[in-house]
Amino acid sequence: MEAMRAVQILNPSGEVTMPRPDRTRVMCVANQKGGVGKTTTTVNLAVALALHGNRVLVVDLDPQGNASTGLNVPHHTGIPDVYDCLINSVPLSEVAQAVEGIPNLWCVPATIDLAGAEIELVSVVARESRLDRAIAAYPGQFDYVFIDCPPSLGLLTVNALVAAQEVLIPIQCEYYALEGLNQLINNINLVRQHLNPKLDVSTILLTMYDRRTRLADAVEQDVRNHFGDKVLQAVIPRNVRVSEAPSYGQSVMTYDPGSRGATSYFEAAQEIAERGVKEPVGRNA
């Protein structure tokens, strides 16, 4: 069974097995709480969609550069990165790197320079829409653009929210995870009112789910009652393989494709792809 799952996830034939959207879906993965699985979710969903025939770009907007690490993309000082796009208006196409071993997947890395961008952006003209313009000017056509946000609600996250049409919120199945959610939703509503009327919280993903605890079950029920159909049926369990994969510069999809973690992220990616075909969303919608 594990071998069959691994073959299904790796898709060695390269066929398009996940439906491709009519237009580019720009998805911002946001939650100001740290450690809820934003980067892990971004990396694994991007790899799953790319392995199954979608053209995917990952924009690492977190100064820690963890998404770049997870995709094994160089992001040491001196490498052209997303900071150059935001501050110096360097085209995104000059900064994007093809991800080794994964066809159809590109990554715009983040270096430690990005830590200073928050302050430098304050005096820049149209500071909230720098990333939006950079993505719009990209000459290639992607099916998905995933923006991995830092764990804060500062200017970098605002740039991501202005550039996106959809917000994907990973929620850890613990009580504290629900506390900051109101603040995040309020910020998203503010951005929608003043900067980006097309923005929509389209997807909620439950992460670090431990079936042995009543708390995880209670949090899941609360989230499903509040957000309804926006919550994916796929739930990401606590799985050591998911945590190990980045230390090898890989996603769990390629590190251990037969694991429960890989299967869960594959199911989540499939659900996102199918929803996108039913409800076409895009830059020109």
Problem set entry | Minimal non-hydrogen separation, C149 against K38, with atom names | O-CE, 3.4 Å

For this session: Rounded to the nearest 0.5 Å, what's the gap from OG1 on T41 to CE on M27? Could you check?
Result: 11.0 Å

For this session: Before giving the answer on side chain to side chain contact (heavy atoms under 4.5 Å, CB included), spell out for V219 and E174 the whole-Å C-alpha distance, their side-chain angles and the decisive distance to 0.1 Å.
Result: CA-CA 6 Å; V219 170; E174 291 185 6; 5.7 Å; no

Problem set entry | Expected output: side-chain E271 to main-chain A234 donor-acceptor under 3.5 Å | yes

Exercise. With a 4.5 Å heavy-atom cut-off, do R224 and L206 have their side chains touching?
Worked result: yes

Problem set entry | Student check: side-chain heavy atoms of S129 and L195 closer than 4.5 Å | no

For this session: Indicate yes or no for a side-chain donor-acceptor contact from S68 to the backbone of V73 under 3.5 Å, with no hydrogens or angles considered.
Result: no

Seminar exercise, completed: Scanning both residues in full, the closest heavy-atom pair of V95 with C85 reads CG2-SG, 3.7 Å

For this session: Write down the atom of E128, the atom of L155, and the distance for their closest heavy-atom approach.
Result: CG-CD2, 4.4 Å

For this session: Flag yes if I169 and V36 sit in one hydrophobic cluster, no otherwise; membership is Ile, Leu, Val, Met, Phe, Trp, Tyr, and two members link when side-chain heavy atoms are under 4.5 Å apart.
Result: no

Exercise. Just by modelled atom types, is the G37 backbone N or O under 3.5 Å from a matching donor or acceptor in the Q172 side chain?
Worked result: no

Exercise. Under a 4.5 Å cut-off applied to non-hydrogen side-chain atoms, are T40 and Y265 in contact?
Worked result: yes

Problem set entry | Least distance between heavy atoms, N31 atom then L184 atom | CA-CD2, 3.8 Å

Exercise. Are any of the side-chain heavy atoms of F227 and L181 separated by less than 4.5 Å?
Worked result: yes

Exercise. Does A245 offer a backbone N or O that forms a donor-acceptor pair with the side chain of Q250 under 3.5 Å?
Worked result: no

Exercise. Are any of the side-chain heavy atoms of L57 and L92 separated by less than 4.5 Å?
Worked result: yes

Exercise. Would you say the side chain of V191 lies within less than 4.5 Å of the side chain of N196, judging by non-hydrogen atoms?
Worked result: yes

Exercise. Looking at Y144, does the NZ or CZ of R25 lie under 6.0 angstrom from its six-membered ring centre and within 45 degrees of the ring axis?
Worked result: no

Exercise. Just how far is it from atom NZ of K198 to atom CZ of R192, taken to the nearest 0.5 Å?
Worked result: 14.0 Å

For this session: Check whether any side-chain heavy atom of L168 lies under 4.5 Å from a side-chain heavy atom of I272, and answer yes or no.
Result: yes

Exercise. Of M18, R20, R23, which meets side chain to side chain contact (heavy atoms under 4.5 Å, CB included) against D143?
Worked result: R20

Exercise. Going only through I, L, V, M, F, W and Y residues with side-chain contacts under 4.5 Å, is there a path from V223 to L215?
Worked result: yes

Exercise. Between the main-chain N or O of V252 and the side-chain N or O of N44, is there a donor-acceptor pair closer than 3.5 Å?
Worked result: yes

Problem set entry | Smallest separation among heavy atoms of D62 and D60, with atom names | N-OD1, 3.2 Å

Exercise. Taking D148 for the side chain and V29 for the main chain, is one N or O donor matched with an acceptor at less than 3.5 Å?
Worked result: no

For this session: With rounding to the nearest 0.5 Å, note down the distance linking CG in D81 to SG in C107.
Result: 10.5 Å

For this session: Check whether any side-chain N or O of T157 sits under 3.5 Å from a backbone N or O of S152 as a donor-acceptor pair, and report yes or no.
Result: yes

For this session: May I ask whether I119 and I87 are part of the same hydrophobic cluster, defined by side-chain heavy atoms of I, L, V, M, F, W, Y residues being less than 4.5 angstrom apart, directly or through others?
Result: no

Exercise. For F266 and M253, which heavy atoms make the closest approach, and how far apart are they?
Worked result: N-CE, 3.5 Å

Exercise. Do the non-hydrogen side-chain atoms of R275 and L232 ever get within less than 4.5 Å of each other?
Worked result: yes

